[in-house]
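Take a look at the structure below.
Just so it is clear: chains get the letters A, B, ... in the order the sequence lines come, proteins before strands, and each one is counted from 1.
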Amino acid sequence: MKTQTTLDKGQPDGGASDPIMRIRGLGHSYGERRVLEGLDFEVGRGELMCVVGPSGVGKTTLLECLTGLRRPGEGEVVFDGQRIDAPPRGLAIVFQDYSRSLMPWLSVLGNVVLPLRSAGLAKAERERTALEALAEVGLSDFTGHYPWQLSGGMQQRVAIARALAYRPAVVVMDEPFASVDAQTRADLEDLLLRVREHLGITVLLVTHDIDEAVYLSDRVLALGGKPAGIRELLTVDLPAPREQVSTKALPRFAELRSQVYRLIRDV
Amino acid sequence: MTGAKTGPDVTGTGPGRAGTGARTAPAAAGTEPGAVPTGVRRLVNRLLAILVALVVWHLFALGPGASSDFPTPPESFRTAVDLAGTGAYWSNIATSVETALLGLGLAVLVGVPVGLLIGADERVRRSTQLLLDFGRTVPAIALLPLLLLLFGATRDLGLVLILVSAVWPVVIQTSYAVGEISPQLRRVGRAYHLTRWHLLRHLIAPSMFPFVFVGLRIAATLSLLMAISSEFLGGSDGLGYVLLQAMQINDTGRAFVYSFTAAFLGLLLNLVFVLLQRRVLWWHPSVRKGGTA
């Protein structure tokens, strides 16, 4: 369960020592247009993996296939030993567009609690769970607010809290910090690292931002080509804990950054 | 007359327009910067506008209108006070309002399910568009002779007339509303395994409501109009009928009061909807205070 387990044990062909997700031969086409081809990789339990690739490479399609929101044309996604064709119960998604993924007619607490109500948790327990999750993202004082009364960064924290309260084994995030300003983005990145350290969850994050991918990840999956395939699955051997200034000042950070950059740029 | 006029307003009306009907005030507010709060000035300006209208009316009644017994504002006021003391006045209002509400209920009962069916499929929505546009443009009053033949001068006539005019905005807005449920929220619903009931109660219904509400509001106005029109033209009891009677005996004083009563009912209806909107759509960008999209 420790977050470190997969760091140094990355196996050839994208394997992880204790995988929670296995992706085999994943491919997808929209009509004649082939988007994804031959993806094989595993996500280790407790790992933080970023999928990085240029805009339009098929990251969102990949994410949809991985979460069960879309049935892949080829191959399979196995989550915790089960092949999935719908979003599995142990997986929570944080969407890019926070303003559209929260319900404006529900309070912050209401938004976080709703999935727990559907899951049939007793009132006391679901409230406790939701409040814990909101505390985790630093929103304890805003439970009665409505999403539209909050800043973009805070709204995305609500969405993260909703995912955490769901008690998932894996949180999948689709460009979660793409539409907030730079400072908020850095804050949210560190929040994610803290939460992940604290709760020991697995995180699979899709981004087009190479800095973000290298900064956050245990491993970076570089996606490129048409149709897109895995360019490389890089182990990020930067020391933990990561820190916005000092980590990004490391020579190794710059190396990894350039390496990823070349990987996804070359066609 | 009335059905056709209100038709074009229905076209693809989004919820953003729901709040505009009642408030045209900013244009009336003064331009020079001063210490007077704008709210007070707005009120003063409104009262001034009413005063001007009353003066014009008074002068008209004394001058060109005198030959046709055009009542002055004070005369009308006295007639109104007299009428308000009679039970018949209020029972006529009650009859008209009742017909309007019953008709509106019918229009909703028919319109919402039909709108849902049409909206559920994009192809159906597109192929029925012409039909709907046609339906809502047909002036319901034009059907009056036919309906009069079928139903006679009864309340049923009014109800049918209301139904055939007020059902369109409800159908159209409801069918639009179905398409306005955000695909993103649907994905949230799937990802977080919301139950059917929670989907309906917390996701689908609130997403659709702003649009359906606009339809309801238009339908309510039409219902009142058609209730009174049907009484006036068909001759069943209600505000429209007493207005007709007053006109037939050239009692312009009473006719005026009845007309104004109808207008006030319309204003009241609008007010009810504005308040209702604040209550049920408080979270919507058109209503809420502060915050971003």
Does the side chain of [Y] come within less than 4.5 Å of [X]'s, by heavy atoms?
X: B:R288; Y: A:Q149; result: no
X: B:V188; Y: A:R100; result: no
X: A:L106; Y: B:H202; result: yes

Quick one: what part of B:W197 sits under 4.5 Å from any heavy atom of chain A, side chain, backbone, both or neither?
-> neither
Heavy-atom distances under 4.5 Å only: say whether B:L199 touches chain A with side chain, backbone, both or neither.
->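 Looking at B:L199, nothing touches chain A.
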What part of [X] is in contact with chain B, defined as an atom under 4.5 angstrom from a non-hydrogen atom: side chain, backbone, both or neither?
X: A:A119; result: neither
X: A:P88; result: backbone
X: A:T67; result: neither
X: A:L102; result: backbone

Flag yes if more than 12 heavy atoms outside [X] fall under 6.0 Å of its [atom1] atom; otherwise flag no.
X: B:R201; atom1: CZ; value: no
X: A:Y30; atom1: OH; value: yes
X: A:E76; atom1: CD; value: yes

For [Y], does its backbone N or O pair with a side-chain atom of [X] as donor and acceptor, under 3.5 Å?
X: B:Y192; Y: A:Y166; result: no
X: B:T195; Y: A:S118; result: no
X: B:H193; Y: A:P87; result: yes

Answer key: most heavy-atom pairs under 4.5 Å with chain A among B:P183, B:A191, B:P206 is B:P206
Closest contact, heavy atoms only, B:L203 versus A:M103 |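 Reported closest heavy-atom pair: CD1-CE, 3.8 Å.
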Could you tell me which non-hydrogen atom of B:R190 sits nearest to which non-hydrogen atom of A:G68, and how far apart they are?
-> NH2-O, 3.4 Å
Chain B contacts, top residue of A:G120, A:P168, A:A163 (heavy-atom pairs, under 4.5 Å) = A:A163
Aromatic plane relationship, B:W283 with A:W105 - under 30° parallel, 30 to 60° tilted, over 60° perpendicular | perpendicular
